[in-house]
Amino acid sequence: MIGAVAVVVPAHDEEELLPTCLAALRRAAAQCGPAAGHLVVVADACGDRTVQRARQAGADVLEIGARSVGAARAAGFGEVLRRTRHLDPATVWLATTDADTVVPPDWLTRQIHHAGQGWDAVVGTVEVGDWGGYPAHAGELFTAHYDHGAGPHPHVHGANLGMTAAAYLAAGGFRALRTAEDHALVQALAATGQKILRSRDVTVLTSARRRARAPHGFSHLLTTLLR
C-alpha cells in the first residue's frame, strides 16, 4: 500500500510555465491527502526566476548546474529517497512531469490506484494543449503518428511517469542523460522485471513549444513530423 507520494519536476529557465504546472500538481496532490507530501523542483542551470517562482508556489527547490534533464530528475528522486529512507521503498510512489506540462486533478490518484493493483510503474500519455504557431494540420499529423488504437501504448514521456521507489532503485535510477533519460529508465525497469503499465487513462497536457529544452525530445518530434 502506498503511504508516501512525491513529484519531481526538472526545470531549466521555466519561469513562465512553471507556476501553472505547480498549481496543477498541488491540485493533484490534494486528492491524495497527507500522503503527497513532497514536491521538488530541480532548477538546472537557471538564469531566470525559476527558483523564485517555484518557492512562491510552495515547492522545495534543488539547484544544480548539470544542464541535463536526466541528472535533474535523478537529483530530485535522490532527495526524495533521502527524505523517505525510513519508509519501505515499496510504499513510496515517485512521479515526475515537466515544467511545461499540466496534469489533471486525478493524475496521482490514478497512478496510486494502479499501484494498488500490483503495478510497479505507470507510463502515461500526453496531449498537446495549444497548437498556436503551427500549421492547421499539425494536430492531425500528431494524432496520426501518436494514436496506436486500444491496448498498451508504445510511448514514453518524462512528463508522465510514476513508479515505486523499490522499482526505481532496482532499475538503477535515472541516468545523467541530456535526452531520452525516460526511455533508458523504462528499459531498465523492464530489464529488472518490474511490472509496467502503459496506461491510456493517465494523460497530461503538454506544450508544443518550438524551443526545445532537451535535444531530440518532444519538441524535436513535433518539428520532425511537420517536415
Side-chain angles (χ1 to χ4, degrees), residues 1-10 21-22 24-40 73-74 76-98 101-127 143 146-175 180-206 218:
M1 181 177 179
I2 299 300
V5 180
V7 181
V8 170
V9 183
C21 167
L22 295 180
L25 286 172
R26 283 297 184 196
R27 289 190 291 270
Q31 292 200 8
C32 296
H38 306 281
L39 174 55
V40 179
R73 290 196 211 275
F77 275 35
E79 173 62 15
V80 173
L81 291 171
R82 183 188 67 78
R83 296 182 186 183
T84 59
R85 61 186 178 276
H86 60 290
L87 300 175
D88 179 352
T91 69
V92 178
W93 190 258
L94 305 174
T96 188
T97 188
D98 290 337
T101 298
V102 177
V103 307
D106 63 354
W107 184 61
L108 289 171
T109 54
R110 282 186 179 272
Q111 293 183 49
I112 294 169
H113 170 74
H114 292 312
Q117 294 181 320
W119 297 99
D120 301 308
V122 176
V123 182
T125 57
V126 301
E127 296 177 355
T143 299
Y146 196 82
D147 189 6
H148 288 262
H153 65 84
H155 310 293
V156 175
H157 304 283
N160 197 355
L161 278 178
M163 67 216 74
T164 65
Y168 179 76
L169 291 168
F174 280 110
R175 294 166 54 192
E181 82 295 342
D182 43 5
H183 289 265
L185 178 61
V186 171
Q187 289 172 2
L189 288 167
T192 53
Q194 310 306 313
K195 293 181 63 178
I196 302 171
L197 175 64
R198 292 177 173 270
S199 174
R200 295 179 182 273
D201 72 347
V202 180
T203 290
V204 299
L205 206 61
T206 197
F218 190 67

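Everything quoted here is computed from the prediction, not taken from an experiment. By convention here, the first residue in the shown sequence is residue 1.
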Name all residues meeting the side chain to side chain contact (heavy atoms under 4.5 Å, CB included) criterion together with Ala190; count only those two or more places apart in sequence or in a different chain, and write none if there are none.
-> Ile196
Test Leu81 against Leu94 for side chain to side chain contact (heavy atoms under 4.5 Å, CB included), laying out the working first.
-> CA-CA 9 Å; Leu81 291 171; Leu94 305 174; 4.2 Å; yes
Value rounded to 0.5 Å, distance of CG in Asp88 from CE in Met1 | 13.0 Å
Only one of Thr97, Leu205, Thr206 forms a side-chain contact (heavy atoms from CB on, under 4.5 Å) with Val103, so which one is it?
-> Thr97
I would like to know whether Val92 and Tyr168 meet side chain to side chain contact (heavy atoms under 4.5 Å, CB included); could you show each step before the answer?
-> CA-CA 10 Å; Val92 178; Tyr168 179 76; over 6 Å; no
Before giving the answer on side chain to side chain contact (heavy atoms under 4.5 Å, CB included), spell out for Met163 and Leu185 the whole-Å C-alpha distance, their side-chain angles and the decisive distance to 0.1 Å.
-> CA-CA 11 Å; Met163 67 216 74; Leu185 178 61; 3.7 Å; yes
Scanning both residues in full, the closest heavy-atom pair of Val186 with Val123 reads CG2-CG2, 4.1 Å
Shortest non-hydrogen contact between Ala115 and Trp93, atoms and distance | CB-CZ3, 3.5 Å
Smallest separation among heavy atoms of Leu108 and Ala95, with atom names = CD2-CB, 3.9 Å
Report the C-alpha distance between Val122 and Leu161 in whole Å, list the side-chain angles of each, state the deciding distance to 0.1 Å, and finish with yes or no for side chain to side chain contact (heavy atoms under 4.5 Å, CB included).
-> CA-CA 6 Å; Val122 176; Leu161 278 178; over 6 Å; no
Once you round to the nearest 0.5 Å, how far does CG of Leu169 lie from OG1 of Thr192?
-> 10.5 Å
Side-chain donor or acceptor of Arg83 paired with backbone N/O of His38 under 3.5 Å = no
What is the ring orientation for Tyr146 with His155, classed by angle as parallel under 30°, tilted 30 to 60°, or perpendicular over 60°?
-> parallel
Any chance you could lay out the side chain to side chain donor-acceptor pair (under 3.5 Å) test for Asp201 and His114, step after step, and finish with the verdict?
-> CA-CA 10 Å; Asp201 72 347; His114 292 312; 3.0 Å; yes
List for me each residue that meets side chain to side chain contact (heavy atoms under 4.5 Å, CB included) alongside Arg26, sequence neighbours excluded, and say none if there are none.
-> Leu39
Heavy-atom pair with the smallest gap, counting every atom of Arg73 and Asp98 | NH2-OD1, 2.7 Å
